[in-house]
Structure formats: C-alpha cells, structure tokens
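A short write-up of the structure that comes next.
Naming convention: chains lettered A, B, ... in sequence-line order (proteins, then strands); numbering from 1 in each chain.
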2 protein chains.
Amino acid sequence: MTVKAQFDHSNCGDCPIRHRAVCARCDADELEELESIKYYRSFEAGQTIIWSGDQMSFVGSVVAGIASLTQTMEDGRTQMVGLLLPSDFVGRPGRDTAPYDVQATTDVVMCCFRKKPFEELMDHTPHIAHRLLQMTLDELDAAREWMLVLGRKTAREKIASLLSIIARRDASVSQKGLTGSIVFDLPLTREAMADYLGLTLETVSRQISALKKDGVITLEGKRHVTIPDLGRLMEEAGDDSDGGFPV
Amino acid sequence: MTVKAQFDHSNCGDCPIRHRAVCARCDADELEELESIKYYRSFEAGQTIIWSGDQMSFVGSVVAGIASLTQTMEDGRTQMVGLLLPSDFVGRPGRDTAPYDVQATTDVVMCCFRKKPFEELMDHTPHIAHRLLQMTLDELDAAREWMLVLGRKTAREKIASLLSIIARRDASVSQKGLTGSIVFDLPLTREAMADYLGLTLETVSRQISALKKDGVITLEGKRHVTIPDLGRLMEEAGDDSDGGFPV
DNA sequence: CGCGTATTTGAAACGCCTCAATGCTCGTGG
DNA sequence: CCACGAGCATTGAGGCGTTTCAAATACGCG
C-alpha cells in the first residue's frame, strides 16, 4: 500500500495533522464541508509540486513528508525560503500565481482543496480564516528568525541553528523530552541544507565535520544524528538556551 | 503644531493611510467602533516603541514615519527583520509578548488600539480579520524575498536591492511613474542599512560609493539620491527587470 | 566656529567560496 | 559474488569578498 493510499479513504477525524492544520478549529459541520472538497495527492522526493509563476489551482496541507519553498535567481543561485512540515499550509488564498517553487524534499502527501471552493468556504467560515491567520503569523515569525540566521550568523552557527530546529521539532512530535540525548535522521541533503542556510554544500560538510570533531554532535552514516546535549548545541547556535525558536 | 497634533482630532475618513491599513475594508459601522477605541501616539527618531519580550498592550498602524523591527543577539549583532512604513500594522493579535524590538527610525506617529478591545472587535468583524490576513501574507512574501537578499546576494546587489525597493515605494506613494529618473531621500543611516542588509556599515558605504562612481546612482549630500535609470539599478540588484519585488 | 556624529577611505586579516580530487554507499548487471 | 557506476559527501588548496581595525573627512547644530 502506498503512503497516499493510507489516506485516500480516511476521514478528517482520523487525520494525523488535524490538531495543527488549517482545519484545527473547525466544528463538525465545517469539517464536513471541507471533506466534500478535499482530495489527496502524493509527490515523489525531488518532484516540483508547484512552479514559481504558475497558476495555483489548489491550496492544501502537507500531511506527510517535507516540502520546501525555494527562490531561484537567473544565474542559478537558489535560496530556500521555507521548510514545510506536516500540518503546514501551502498556497495563498486571494492570489493566483505562485511566488516560489514548492518542491518535495522527501516523498510528500498533501491534502488538497480546489482553490476557488476553498476561498468561498473561508469567506463564511471564520474558524478557518482565523486559524490561517494564526498560522501565517507563526510563519512570519519563523521567517524573521531565519533572517537573523542568514544575515548575521557564521557558518558554524548556521549549521547549529538548523540542527537545533530540527532536533526540537523532532523531539516535540515524537513526544520525547528535550533533556538527555536527541536522535533523529536528517531529512535534508547537504545541498538542501546549503540552500536553506545561504552557504555552499562544501561549507556545510566542513562545519558538520567540525561539530562532530568537537563532540557537539555524533553521526552514524551521513544522516543519522545524535545530539548529546541540546543546550550545548544551542550555545553553538548563538541562541540563549531558554528562549530562541518557537518550533 | 506637532505632527501628532495634526492627527489628534482627525477622523478616520480623512486618514492618509486609510486605503492601505488594516481598516481599509471596514464599513461605516465598523469604522465607528474602531474610532471609539483608537488614540494617537508619537515617537521620536531613535526611540524604542516596543521592547522585545515586553507585554504588548496595544496594536496599531504606522501613520507617518518609518519604524523597524530588529533582533539582537547576546553579543550585540543585530539584524533588522522588517521595515514598517505608513499603513503597516504593528502587533500580533493572540500573542502577548513582543518577539522583537520595534524602533522609530524617523519620527513616527502611530494610530493605536488597546489590544484587548481590538481582539474582541476582530472576532466579530471579518473585514478586519480578512484584511489583516492579506497584510500578513504580503509581509510574509516580503520577508521571504528578503531571505534571498540576505542569503545569496553580494554586497553590491544587496545595496541595489534596498535602493530599488525604496525607490519604487517612493515612486508609488508620490504617484510618479517608474520611467525617467527617481529622486528621494534615504530614510536610513548607513548603520541602519547595514543592519537591514546583514553587512557592516563600512561595506555599505563602500558599495554606495562604487554605485555612484559607476553612474548607477547620484548623490547630493549623504542622503539625497537620484536614480537615473531604475532598470539599470534592478539589473545591479540581480532581479529581472520586470517582476521582482511587489512593493 | 567648533564639537559630536555620520560617513568615507585605507590596509590587513579572516571566513567562506571555488575548483578539484577522493571517498563512501548502495543498487545493478555481468 | 564482485565489479561498476551514480549520487552524495568529504577533504584540500588557493582566491576573493567582506570584515576588522584605524584614521581622516564631511556634515549639522549649538
């Protein structure tokens, strides 16, 4: 059974991202309306979900996998401007061409709604509009946090920042605490990390090696990471160990 | 008469930012309600309007002047994460501590609403919530555009990007066309530009001198700028000359 | 006019990038 | 079962752009 097939006949009540997604505040009636216009689509790792400049015919939520928003300059320089995790929303009600490429970083399953009906539904469903506002404000905060990373942090701090975000998100979804060591698999290639951090992939590789040598992280293979001490990692990231990123 | 006094007794109907602000879509009833909870405050250039971490007791719109959102690391490195122009909204309904410092870059006049009443008003005024969503989505786009600037552009391109944004915004509010030469006063010091661009102030200065030497811009004094050819400037910014930034 | 602040300019140091070669892992086919 | 190739990752050497530190200059305001 494909990953998508798991979802095809499920209803919203069983949805794993229900409590965080754009539909989180909906009551039964509203869910039913949403359910009538939703459909699932899946994308393979590497596939482009939406091309910058294209018509967006649908909006939706990432249900499983990781997608990324990227901008590209004419000469090929690219910058990732957002990382879309399960429950994150894709698309922009009220605008019809996409401002960035949306790419599947891993295999991705999305819960889609045709854009027109969704917009109409939103107009008379304050719960959706309100939740979308909340989510957009959160994303804006995240984007601004990232501006500090891009503008002012060193390569080492950038890597530490990225690892600490992934580590904390991972710990939060898997319900493990933030004390003791955290273990996870990097969902990104070195190149994708570089595109996110505004670095070259060589620099990413070198800094990861350096963090490993200094005992801040441990690696098994290329992707399996252990963080023995999150506080230490966050110091390396230049964040004060309490506040920092809301994940 | 102070700048603030100009506004103190004015009503929303005369407001210069009415058509772009959070209240843009409000009808007469809604305006009246807003009017009953609004008040004006003014801030001098350099003053901090809101401190990061503080309670936010109000939200509001910038009516005149320029404010900036900045983040600061413990060691003093700072990154500006937003530039607030007249009509931009300050504050975040649904959250009560400020995530960044808000500083007056020039003298600023704000139209404020106490946060609680504003939130309540928003709950039963879809026009406000809807407009705020639109504005937040626009800001998110702007933040993401800026991530490309911070992550991937050279110092020269960064300066050109900033000048081109200011030039186009200025041309759009003063209703002049984008053809022919554009003239404006820089509202930012070299240091503020550096904080916005993730550079040092020396690099900003050098790159401005270089653009001047190459005839891309002309300077009279330190702040008065002439752009003889916007297309040329946008090439220098690395943007394709048609699309680029929606201002 | 003179002081304080903003800005410009210079020289040297440093960090990241570029180019290039090597290593590792995994899947495929001989 | 091993050889091979395709990606992905690591490592090295050298160059370039930006920062750092330092000093000189212009500007605005009393």
Side-chain angles (χ1 to χ4, degrees), chain A residues 44-47 68 73 75-79 103 105-107 149-163 185-214 217-225 236 238, chain B residues 44-46 73 75-79 103 105-107 149-163 185-214 217-225 236 238:
Chain A
E44 284 174 27
Q47 232 184 320
S68 61
M73 293 172 67
D75 60 8
R77 282 176 283 176
T78 71
Q79 175 66 50
Q103 284 172 320
T105 297
T106 63
D107 288 350
V149 173
L150 290 174
R152 291 301 185 193
K153 291 194 176 179
T154 64
R156 172 183 261 245
E157 289 170 334
K158 285 179 174 181
I159 298 289
S161 296
L162 179 58
L163 291 176
D185 283 299
L186 270 179
L188 303 175
T189 64
R190 299 293 184 262
E191 188 180 18
M193 295 175 71
D195 282 346
Y196 200 34
L197 296 167
L199 297 170
T200 59
L201 67 89
E202 293 95 331
T203 298
V204 170
S205 182
R206 275 186 251 273
Q207 296 298 338
I208 289 180
S209 299
L211 289 174
K212 184 171 63 176
K213 185 165 69 64
D214 297 345
I217 63 175
T218 313
L219 279 185
E220 288 159 59
K222 316 280 183 196
R223 298 292 191 84
H224 196 73
V225 181
E236 292 285 356
Chain B
E44 285 173 26
M73 294 173 66
D75 60 9
R77 281 176 282 176
T78 72
Q79 175 66 50
Q103 286 172 320
T105 296
T106 63
D107 289 351
V149 173
L150 290 174
R152 292 300 186 193
K153 291 194 177 180
T154 64
R156 172 182 261 245
E157 289 169 335
K158 285 179 174 181
I159 298 289
S161 297
L162 180 57
L163 292 176
D185 283 300
L186 269 180
L188 303 174
T189 64
R190 299 292 185 263
E191 188 180 19
M193 294 175 71
D195 283 346
Y196 200 33
L197 296 167
L199 296 171
T200 58
L201 66 89
E202 294 93 331
T203 299
V204 170
S205 181
R206 276 186 250 271
Q207 296 298 337
I208 288 180
S209 299
L211 289 175
K212 184 171 62 176
K213 184 166 71 62
D214 297 345
I217 62 174
T218 313
L219 281 185
E220 289 158 57
K222 315 283 184 196
R223 299 290 191 86
H224 196 73
V225 181
E236 291 286 354

Does A:Asp107 reach the side chain of A:Gln47, with side-chain heavy atoms less than 4.5 Å apart? no
Report the distance from atom CD of A:Gln207 to atom C1' of C:dC14, rounded to the nearest whole Å. 13 Å
Taken to the nearest whole Å, CZ/B:Arg190 to P/C:dT9 is 10 Å
Just compare D:dT10, D:dA22, D:dC8 and give me whichever is closest to any side-chain atom of B:Glu202. D:dA22
Using a 4.0 Å heavy-atom cut-off, does B:Ser205 contact any base of the nucleic acid, only the sugar-phosphate backbone, or nothing at all? base
Minimum-distance nucleotide (side-chain atoms of A:Thr203 versus D:dT18, D:dA9, C:dC16): C:dC16
Most 5' of B:Gly221 and A:Ser209 on DNA chain D, judged by nearest nucleotide: A:Ser209
Would you indicate which nucleotide in C:dT18, C:dT8, D:dT10 comes nearest to any side-chain atom of B:Lys222? C:dT8
How long is the line joining CZ of A:Arg223 and C1' of C:dC26, in whole Å? 13 Å
May I have the distance from B:Leu201 (atom CG) to D:dT18 (atom C1'), rounded to whole angstrom? 13 Å
Could you tell me whether a side-chain N or O of B:Gln79 sits under 3.5 Å from a main-chain N or O of B:Tyr196, the two making a donor and an acceptor? yes
Remember a base hit wins even if backbone is also touched, and classify B:Gly198 as base, sugar-phosphate or nothing at under 4.0 Å, heavy atoms. sugar-phosphate
Taking CG from B:Asp195 and P from D:dT19, how many angstroms apart are they, rounded to a whole number? 12 Å
Starting from C1' on C:dT18, measure out to CG on A:Leu199 and report it in whole angstrom. 14 Å
Check this for me: does the side-chain of B:Arg206 come within 3.5 Å of the base of C:dG10 through a donor and an acceptor? yes
Could you check how far CD1 of B:Ile159 sits from P of D:dT18, rounded to whole Å? 10 Å
